[in-house]
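Report on the following structure.
The first residue of the sequence shown is numbered 1, and numbering continues consecutively from there.
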Amino acid sequence: MMLGRLVALASWAALALAHNTRKTCKVPAIGGGEDDGPAINAAFKKCSSNSKIVLDKYYVVDTLLLTEGLDNVEIELSGTVQYTPDIARWSPQSLYLTYQNATTYWFLSGNNIHMYGGGTIDGNGQVWWDTLNNTHNAGTAGGSSTTFARPIPLTVGNASNVVIENIREISSPFWNNFVYQSTNVTYKHINIRAVSYSSSPTANSDGWDIYRSSHVTISDSVVNNDDDCVSFKPNSTNIVVSNMWCNGSHGISVGSLGQYAGETDIVANVYVSNITMLNAQNGARIKVFGGNPSPNSTVGGGTGYVKNITFKDFHVENVDFPILINQCYSTPADVCAQYPSNLSISDVHYINVHGTSSGAEGPVVVDLECSDTCQDITAKNTHISSPNGTATYVCKNIASTAQLDFNCTAPSSS
C-alpha cells in the first residue's frame, strides 16, 4: 500500500516538474509601430512542442501569423495583438482559405493547444468597413472578394484538441473566428465586439463560423456584432453552443448551405441551449440556398442535408424572425420556384423559445418555409409575442404539424 502511494506521488512529481520546466518563449515587442509579426512567428517555431508562449505586450502585426505544427503548446495572451490597417498589404498576404474566399491574419494549427490570458486580438477593421461601404466589393452571401480580402483575426485550422478561453476580440474586418477542418475545439469566455465608429456599418462580423469540423463547443460568451452570432457552415457535425449572449446579430444559424453546385453540405447533431438573442434579425435560423440549373453555380444548387438540430431555452427580444427556416436564401423567388433547394431538412426541434419579436414582420413570429417536405419538425413551450398584433406562425411543406405547439398559417402569396 505504501509502495503504491510512493509510486503515485513520484508520478505526480514528475508531471509537475515536466510542466514547470517546459520551454517558455516570451515575445518582446519592438515598439514604435514596428512589425512584431516575425518575432511572434519565430517564437512559435522555437517553442512548437511541449512549450509555452507568452504574449504579454502590445504587438503591432504586419506579417501573416502562420503558426503550424504545434504540439502540446500553451499560449498566454495577456497583451494585445493588433493587426495593421493596411488593405494593400493584407489583401494579397493574408492566407487564402477558399471557402467563400475567406482569408486570415492568423492560422493556428496543431494538436493540444491552449490559448488563454485575458488579452485582446484587434482586427483594426474600421478601414475595411469604410472601404467596403464605398466600393461594395464583397462576395456572394456574405463572403469575401478575391480582390478585396477581409482577413479573419484568428483561424483554428487543421487542428485537434484546442481550447481558446478568456480572450477579447474587437473590430474584425470579417468573421471573428473560423474553425476550419478541425476536431475537438472548445471556446469559452470569449468577448467579441464589432462596432463601427463611422457612418459605415460593420460587415459580415460573424462571431464564429464552423466549416468541415466536428466536436466543437462554444460557451459562456458575449457577442456584439451585425451578423451571425454563430454559423454552422458546410460539414459541421457534433456541435454544442450554450450560455451565449448575442446582440445585434443575424442569429444562431445553420448555414448558409447549398451555395456551390456539385458540393454536398451536411450539418448534423447540433445542440444549442440557453441563448439570449437581443435586437437581432433572426433567432434560431436555418438558411439554405435554392437550386440552380448551372453545374458550375456558386449561388445555389448544392446538395446535402440538415439533421438532428435542437434549439432549447432560447430567449428573444426585439428579433425580426425569432424562428426561421429559409430554403430560398440569397435566391431570387422565381429561380427558387423553378429550381427548389436540393438539401433535405429533418429532425429539428425548438424547445422553450420565448420572448418578443421586433414587429418588423408584422405579427409573424415563426416562419418555417421548406422547398420540399421537411420531416420531424417539432416545437414545445413556444411563447413569442409580437408588438404588431396576435402572434402568427407561418408554415410551408412541413410533413406534420402535429408536433408543433402553435397553429400554422400558409405564407402570403404576395
**Report entry** Check: Ser91 side chain, Ala149 main-chain N or O, donor-acceptor pair, under 3.5 Å
**Finding:** yes
**Report entry** Enclosure of Phe148 CZ (heavy-atom neighbours >12, cutoff 6.0 Å)
**Finding:** yes
Query raised in the report: Would a distance-only check, ignoring hydrogens and angles, find a side-chain to backbone donor-acceptor pair under 3.5 Å from Ser78 to Gly117?
Result: no
Report task. Flag the pair Asp220 / Glu165 as yes when at least one side-chain heavy-atom distance between them is below 4.5 Å, and no otherwise. Result -> no
Query - Pairs flagged by ring pair (Phe, Tyr, Trp, His ring centres under 6.0 Å) wherever residues 356-387 is involved - sequence neighbours left out - result: none
Requested in this report: Please work out whether the ring planes of Phe314 and Phe311 are parallel, tilted or perpendicular, with thresholds of 30° and 60°.
Outcome: perpendicular
Report task. Calculate, to the nearest 0.5 Å, the distance between atoms NE2 and OG belonging to His250 and Ser231 respectively. Result -> 11.5 Å
Query raised in the report: Going by the angle between their ring planes, with limits at 30° and 60°, are Phe44 and Trp106 parallel, tilted or perpendicular?
Result: perpendicular
Query raised in the report: So, the side chain of Thr155 versus the backbone of Gly157: is there a donor-acceptor pair under 3.5 Å, distance only?
Result: no
Requested in this report: Report the C-alpha distance between Asn318 and Ser358 in whole Å, list the side-chain angles of each, state the deciding distance to 0.1 Å, and finish with yes or no for side chain to side chain contact (heavy atoms under 4.5 Å, CB included).
Outcome: CA-CA 4 Å; Asn318 193 34; Ser358 67; 3.1 Å; yes
Query raised in the report: Can you find a pair of side-chain heavy atoms, one from Cys370 and one from Ile325, that are under 4.5 Å apart?
Result: yes
Query raised in the report: Between the side chains of Thr378 and His349, is a donor N or O closer than 3.5 angstrom to an acceptor N or O?
Result: yes
Query - Under 3.5 Å: donor-acceptor pair, side chain of Asn133, backbone of Ala203 - result: no
Requested in this report: Verify whether one side chain among Thr298 and Gln259 offers a donor that lies under 3.5 Å from an acceptor in the other.
Outcome: no
Report task. Using a 4.5 Å cut-off on heavy atoms from C-beta on, say whether the side chain of Val127 contacts that of Asn124. Result -> no
Report task. Anything under 30° is parallel, anything over 60° is perpendicular, the rest tilted; go ahead and classify Tyr105 against Tyr83. Result -> parallel
Requested in this report: May I ask you to check whether Thr202 and Asn225 show a side-chain donor-acceptor distance below 3.5 Å?
Outcome: no
Report task. Enter the distance from Lys307:NZ to Ile266:CD1 here, rounded to the nearest 0.5 Å. Result -> 10.5 Å
Query raised in the report: For residues Asp130 and Ser198, is any side-chain donor paired with an opposing acceptor at under 3.5 Å?
Result: yes
Query - Donor-acceptor under 3.5 Å (Arg150 side chain, Gly143 main chain) - result: yes
Query - Among Asn161, Asn111, Asn50, the one residue meeting side chain to side chain donor-acceptor pair (under 3.5 Å) with Asn72 - result: Asn50
**Report entry** Lys312 and Lys380, any side-chain heavy atoms less than 4.5 Å apart
**Finding:** no
Query - Test side chain to side chain donor-acceptor pair (under 3.5 Å) applied to Asn247 - qualifying residues, sequence neighbours left out - result: Asn224, Asn279
Requested in this report: Take Thr146 and Asn101 through the side chain to side chain donor-acceptor pair (under 3.5 Å) test and state the conclusion after the steps.
Outcome: CA-CA 6 Å; Thr146 55; Asn101 297 319; 5.4 Å; no
Query raised in the report: Okay, side chain of Ser236, backbone of Ile210: is any donor-acceptor separation there less than 3.5 Å?
Result: yes
Report summary line: Taken to the nearest 0.5 Å, the spacing of Leu368 CG from Asn397 CG works out to 11.5 Å
Query - By ring pair (Phe, Tyr, Trp, His ring centres under 6.0 Å) - contacts of Tyr187 (at least two apart) - result: Trp208
Requested in this report: Using atom types as modelled and distance alone, determine if a side-chain donor or acceptor of Thr331 lies under 3.5 Å from a backbone N or O of Gly290.
Outcome: yes
Query - Side chains of Glu361 and Val394 in contact at under 4.5 Å (non-hydrogen atoms) - result: no
Report summary line: So CG of Asp367 and CG of Asn326: to nearest 0.5 Å the spacing works out to 7.5 Å
Query raised in the report: Quick one: does Ser182's side chain have a donor or acceptor within less than 3.5 Å of a partner on Asn158's backbone?
Result: yes
Query - Side-chain donor-acceptor contact under 3.5 Å, Thr303 with Thr264 - result: yes
